[in-house]
Amino acid sequence: MRSDHNDIVLDTAELMDPGHRAAIRRARDLPNTFGDGDTSLYLLFKAIREHSTVALSGEAADEIFGGYRWFHLPKAVHADTFPWIAAHVTATFSGGNGGHETTLLDPGLLSTLDLPGYEHQRYREALAEVPRLDGDKGLERRMREVGYLHLTRFMQVLLDRKDRASMAVGLEVRVPFCDHRLVEYVFNIPWAMKTFDGREKSLLRAATRDILPDIIADRVKSPYPSTQDPRYAEALRTELARLAADRDAPVRPLLDTGVLKQATAAGGRGDVRPSAELVLGLDGWLRRHGITLEV
């Protein structure tokens, strides 16, 4: 099997470009709280579209074969909430008043929203839907729950994001691992068999090893990349400072102005990215739709 590989390298200027950030926000019709993950996905699909009208993507492979790291973290697996929340995966999914993405929001707003309560209610509703097999118990029972939670609550967000970002540039992205026959079959495979060698996606590796080079078959699961360039965080802080100086910013009534001032102060420290992405994305979305808020 032969294939040609091309690297697509994005710099901070491209990730912070207002036009690019607005484009993915329009495509998703949501504040782009995935931040550079949203923008880079849009730019990736845009680059692919220059050469092809159709692409393949691997959504559902991690969900049904146990690829995410928190599938293998006992603390996350046995937490009384969604595993990805327990593992503090991303700003978007970290949830709860203690999550980084809420730190710039007004405490009164957070109290009214009661995000932990909402999270708990949705989790209980999801658990009540899980199909059961006679004899399910212990870890096998729990991993059936974990798999169902991912298929019905986690994957939908990723599929919607992928669909909107790809169609925004006219690219059709197909998802072979989402074939209902494969999903239904693999869902009922015991967890002990899915992880027979103690690795993530053990069964998938074994099933495809005869057609893949070892360097691919043995590759450790790597999440979708996020920029590690410190200039990106500084660029976000700069944009946040501009917003803080704009008393007419539509998102302003939702913010804790004291915390916002500290976050944008000269020489400010700490990880501003998750909360800044949420606030900047929400402000851009409100501006696009001409929405104003009254306190």
query = How are the rings of His150 and Trp84 set to each other: parallel, tilted or perpendicular (split at 30° and 60°)?
reply = perpendicular

Residues Arg132, Glu145: salt bridge by 4.0 Å N-O rule = yes

request  = Please lay out, stage by stage, how Arg273 and Asp36 fare under the test salt bridge (charged side-chain N to carboxylate O under 4.0 Å, His left out).
outcome  = CA-CA 10 Å; Arg273 282 179 60 169; Asp36 69 307; 3.0 Å; yes

inquiry  = For the residue pair Asp114 / His120, report whether a side-chain donor-acceptor contact shorter than 3.5 Å exists.
reply    = no

Pairing of Asp11 and Arg231 as salt bridge, 4.0 angstrom limit = no

query = Between Phe177 and Phe65, what is the ring plane arrangement, given parallel below 30°, perpendicular above 60°, and tilted in between?
reply = perpendicular

task = Report yes if some heavy atom in the side chain of Leu255 is under 4.5 Å from a heavy atom in the side chain of Leu243; otherwise report no.
result = yes

Side-chain heavy atoms of Thr195 within contact of Met143, under 4.5 Å = no

Leu10 vs Thr227 side-chain heavy atoms within contact, under 4.5 Å = no

query = Can a salt bridge be assigned to the pair Arg181 and Asp179 using a cut-off of 4.0 Å between side-chain N and carboxylate O?
reply = yes

query = Where do Asp218 and Arg205 land on the salt bridge (charged side-chain N to carboxylate O under 4.0 Å, His left out) test, with the steps shown first?
reply = CA-CA 8 Å; Asp218 292 327; Arg205 294 176 192 274; 5.2 Å; no

task = Determine whether Glu14 and Thr39 make a side-chain contact, defined as any pair of heavy atoms from C-beta on separated by less than 4.5 Å.
result = no

ask   = Could you state the interatomic distance from CZ (Arg69) to NZ (Lys221), rounded to the nearest 0.5 Å?
value = 11.0 Å

message = If you count every heavy atom of other residues, nucleotides or ligands that lies below 6.0 Å from Ile291 atom CD1, does the total exceed 12?
response = yes

ask   = Does a side-chain heavy-atom distance below 4.5 Å link Pro250 with Leu293?
value = no

request  = Decide yes or no for Pro83 and Phe154: does some side-chain heavy atom of the first lie under 4.5 Å from some side-chain heavy atom of the second?
outcome  = no

ask   = Salt-bridged, Asp80 to Arg124, with N to O below 4.0 Å?
value = yes

query = Should Arg161 and Arg28 count as side-chain neighbours, where that means a heavy-atom distance under 4.5 Å?
reply = yes

key: Chi angles and distances behind the salt bridge (charged side-chain N to carboxylate O under 4.0 Å, His left out) call for Asp283, Arg252   = CA-CA 8 Å; Asp283 188 72; Arg252 193 177 183 89; over 6 Å; no

ask   = Under a 4.0 Å N-O cut-off, is there an ion pair linking Asp246 with Arg287?
value = yes

task = Could you check Glu239 against Arg21 for salt bridge (charged side-chain N to carboxylate O under 4.0 Å, His left out), going step by step and ending with a plain yes or no?
result = CA-CA 13 Å; Glu239 288 300 309; Arg21 292 170 70 86; over 6 Å; no

note = Paired with Glu63, the side chain to side chain contact (heavy atoms under 4.5 Å, CB included) test is passed by just one of Leu149, Leu158, Thr152, Val183, namely Leu158

